[in-house]
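These numbers were taken from a predicted model, which means no experiment stands behind them. Keep in mind that the numbers below use all heavy atoms, side chains included, and drop hydrogens, waters and symmetry copies.
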Amino acid sequence: MIDLLDKFDGIVAERQALLDTGARDPVGVVMTEVLSPTRAIISGRETILVGTYNYMGMTFDPDVIASGEAALRDFGAGTTGSRVLNGTYASHKDCEAALCEFYGTKYAMVFSTGYQANLGVVSTLAGRGDYVVLDADSHASIYDGCAMGNADIVRFRHNSVEDLAKRLGRLPAEAGKLVVLEGVYSMLGDIAPLAEMVAVAKAAGAMVLVDEAHAMGFFGDHGRGVTEAAGVEDQVDFIIGTFSKSVGTVGGFCVSNHPKFEALRLVCRPYVFTAALPPTVMASSATSIRKLMHGGNKRQHLWENTRAMHGGLRELGFTLGTPEAQSAIIAVMMPDQETTVRMWQALLERGVYVNFARPPATPMGTYLLRCSLCAEHTMEQISTILAAFRDAATEVGLF
């Protein structure tokens with residue numbers, strides 16, 4: 001018998017060699033208690049969270065929690081069915097209505113996760129004989145949607161308007177084309193030049209989908225994302241997003257003004273063939289989305305935190321993924337995997353949790369510590385985080 005797991009022996013050996021050095025497992029962190037959007041207990045110690053994507057700090061919002069508690073009492077713990085069967089409750093429709101209000105669109109579909117939203121929409125829109133044109137640094141869910149749909153994949157260099165135009169120009173004029181972009185790219189925290197890219201895509205006759213997972217809530221005057229900030233909302237055909245970041249719950253969605261959009265409910269397999277989210281999640285999400293519509297103060301505070309953190313790290317001498325704070329994600333570049341793990345552990349021992357990132361999540365040969373700022377971080381916490389980075393870097397010999 002051929003053991004189908006043998007192909008992972010190299011990964012298993014690499015992980016074990018890391019643990020044999022006495023290092024903690026970067027993917028084995030357990031939070032035994034969560035105290036707030038920015039604090040948790042890890043290994044018995046209160047820890048500042050700087051790696052949770054809880055950008056707007058909505059997880060502990062009293063109104064969000066109250067809505068979920070009421071739905072749990074009134075509708076039970078789960079749906080036990082697909083959205084196309086028994087799994088659509090009043091809270092699902094209300095959540096989709098909240099998304100339409102937030103984005104100013106006519107249509108919205110809620111998926112069980114953000115991953116499934118990309119998987120489902122990309123694979124359903126573009127099939128055999130069509131082309132998906134995407135940034136080389138696109139999220140795994142986008143690549144998996146391309147594979148599932150069996151479309152031809154055309155990659156362009158990360159954030160290169162020129163390369164996007166060149167790739168589109170080589171495709172047959174009569175072919176179906178979907179250009180997939182991300183407002184904020186999750187590893188380095190850099191934003192896409194959407195205005196230029198959307199113009200190039202439209203000139204080539206392509207439809208445009210933008211994943212705003214890491215931009216919803218704090219880009220644009222209304223928090224709709226980079227599409228709003230770039231002034232291209234009316235030119236983007238589909239916006240994908242997630243509830244697991246700024247909204248503070250779990251789930252994914254797609255919004256659109258396309259007149260045939262509702263047809264996707266009948267043919268999108270990751271929507272049809274999975275159980276609907278529990279009503280408590282839907283109720284909490286709807287409340288959070290509506291509160292984010294009026295979250296100007298939170299948006300301002302998040303940007304203040306991000307700029308303070310980015311500037312502080314640069315002053316300390318760290319190399320960062322972007323020359324200035326472009327989003328709430330700050331990537332602290334590391335020279336190699338060993339240093340990255342040691343630095344990550346040294347921070348955790350000082351009560352600061354960040355994300356350890358390595359290939360294949362990052363480009364080949366790229367190692368980094370990813371920080372995600374929250375609107376609920378205080379300036380005192382930012383100062384504590386910066387001091388921990390300084391002391392950890394000294395301990396591991398980074399400087």
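- Closest of all the heavy-atom pairs between C374 and N305 is O-ND2, 2.9 Å.
- Classification of the F261-Y107 ring pair by plane angle, with boundaries at 30° and 60°, yields parallel.
- Contacts classified as salt bridge (charged side-chain N to carboxylate O under 4.0 Å, His left out) and involving residues 356-366 (residues at least two apart or in different chains) are given here: E14-R358.
- Two rings, from F102 and H222, have their centers 6.0 Å or more apart.
- Between T366 and M187, the closest side-chain pair of non-hydrogen atoms is not below 4.5 Å.
- Listed by chain and residue number, L35, R39, I41 satisfy the side chain to side chain contact (heavy atoms under 4.5 Å, CB included) test with E46 (two or more places apart in sequence, or in another chain).
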Kindly indicate, with the supporting measurements, whether the criterion side chain to side chain contact (heavy atoms under 4.5 Å, CB included) is fulfilled by Y353 and L347.
CA-CA 7 Å; Y353 171 76; L347 285 168; over 6 Å; no

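- Between V154 and L171 there is a side-chain heavy-atom pair separated by less than 4.5 Å.
- Counting non-hydrogen atoms of other residues, nucleotides and ligands closer than 6.0 Å to CG of D234 gives a total above 12.
- The salt bridge (charged side-chain N to carboxylate O under 4.0 Å, His left out) contacts involving residues 296-322 comprise K298-E376, where partners must be two or more places apart or lie in separate chains.
- Applying the salt bridge (Lys or Arg N to Asp or Glu O under 4.0 Å) test to R265 and every residue at least two apart in sequence or in another chain returns E96, E262.
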Step-by-step side chain to side chain contact (heavy atoms under 4.5 Å, CB included) determination, V132 to D152:
CA-CA 6 Å; V132 178; D152 290 311; over 6 Å; no

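- Both V232 and I191 belong to a common hydrophobic cluster when Ile, Leu, Val, Met, Phe, Trp and Tyr are linked at side-chain heavy-atom distances under 4.5 angstrom.
- Below 30°, between 30° and 60°, or above 60°: for H92 and Y89 the angle between ring planes is above 60°, a perpendicular geometry.
- Using a cut-off of 4.0 Å between Lys/Arg side-chain N and Asp/Glu carboxylate O, K177 and D130 are scored as not salt-bridged.
- L134 places a side-chain heavy atom less than 4.5 Å from the side chain of C146.
- The stretch residues 362-375 participates, sequence neighbours left out, in no salt bridge (charged side-chain N to carboxylate O under 4.0 Å, His left out) pair at all.
- Within a 6.0 Å sphere centred on NZ of K7, other residues, nucleotides and ligands contribute more than 12 heavy atoms.
- Residues H214 and Y53 bring their aromatic ring centres within 6.0 Å.
- Side-chain contact between Y103 and I239 is present, with at least one heavy-atom pair separated by less than 4.5 Å.
- Atom CG of D9 has more than 12 heavy atoms from other residues, nucleotides or ligands within 6.0 Å.
- Annotation for I11: hydrophobic cluster partners, listed by chain and number, are L5, F8 (ILVMFWY side-chain heavy atoms under 4.5 Å, direct or chained).
- In this view, D74 satisfies the side-chain hydrogen bond (donor to acceptor under 3.5 Å, both in side chains) rule with no residue, not counting sequence neighbours.
- For E233, the salt bridge (Lys or Arg N to Asp or Glu O under 4.0 Å) partners two or more places apart in sequence, or in a different chain, are R224.
- Every side chain to side chain contact (heavy atoms under 4.5 Å, CB included) that N257 has, sequence neighbours left out, goes to T105, K106.
- Residues V121 and L209 meet the side-chain proximity criterion, which asks for heavy atoms closer than 4.5 Å.
- Looking at M207 and V179, their side chains never come closer than 4.5 Å, going by heavy atoms from C-beta outward.
- F318 has its ring centre less than 6.0 Å from the ring centre of F399.
- Annotation: side-chain hydrogen bond (donor to acceptor under 3.5 Å, both in side chains) contacts involving residues 388-399, sequence neighbours excluded, comprise R350-E395.
- Side-chain contact between S36 and L49 is absent, with no heavy atoms from C-beta onward closer than 4.5 Å.
- Atoms OG1 and CZ, on T306 and F218 in that order, are 7.0 Å from each other to the nearest 0.5 Å.
- Put simply, the side chain of F356 reaches to within 4.5 Å of the side chain of T340, judged on heavy atoms.
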Verdict with reasoning, L181 to L194, per side chain to side chain contact (heavy atoms under 4.5 Å, CB included):
CA-CA 8 Å; L181 308 168; L194 282 189; 3.7 Å; yes

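- Note: C100 SG to F253 CZ = 10.5 Å, rounded to the nearest 0.5 Å.
- Partners of R290 under the salt bridge (Lys or Arg N to Asp or Glu O under 4.0 Å) rule, at least two apart in sequence or in another chain, are D94, E101.
- Between R157 and D135, no side-chain nitrogen of the basic residue sits less than 4.0 Å from a carboxylate oxygen of the acidic one, so the salt-bridge criterion is not met.
- A388 approaches V352 most closely through the heavy-atom pair CB-CG2, 3.7 Å.
- F219 has its ring centre less than 6.0 Å from the ring centre of W303.
- The side-chain hydrogen bond (donor to acceptor under 3.5 Å, both in side chains) test applied to S138 returns no partner, not counting sequence neighbours.
- Dense packing is recorded around CD of Q16, with more than 12 heavy atoms of other residues, nucleotides or ligands lying under 6.0 Å away.
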Give the C-alpha distance, both sets of side-chain angles, the deciding distance and a yes or no for side chain to side chain contact (heavy atoms under 4.5 Å, CB included) between E212 and E182.
CA-CA 6 Å; E212 293 278 35; E182 296 182 45; over 6 Å; no

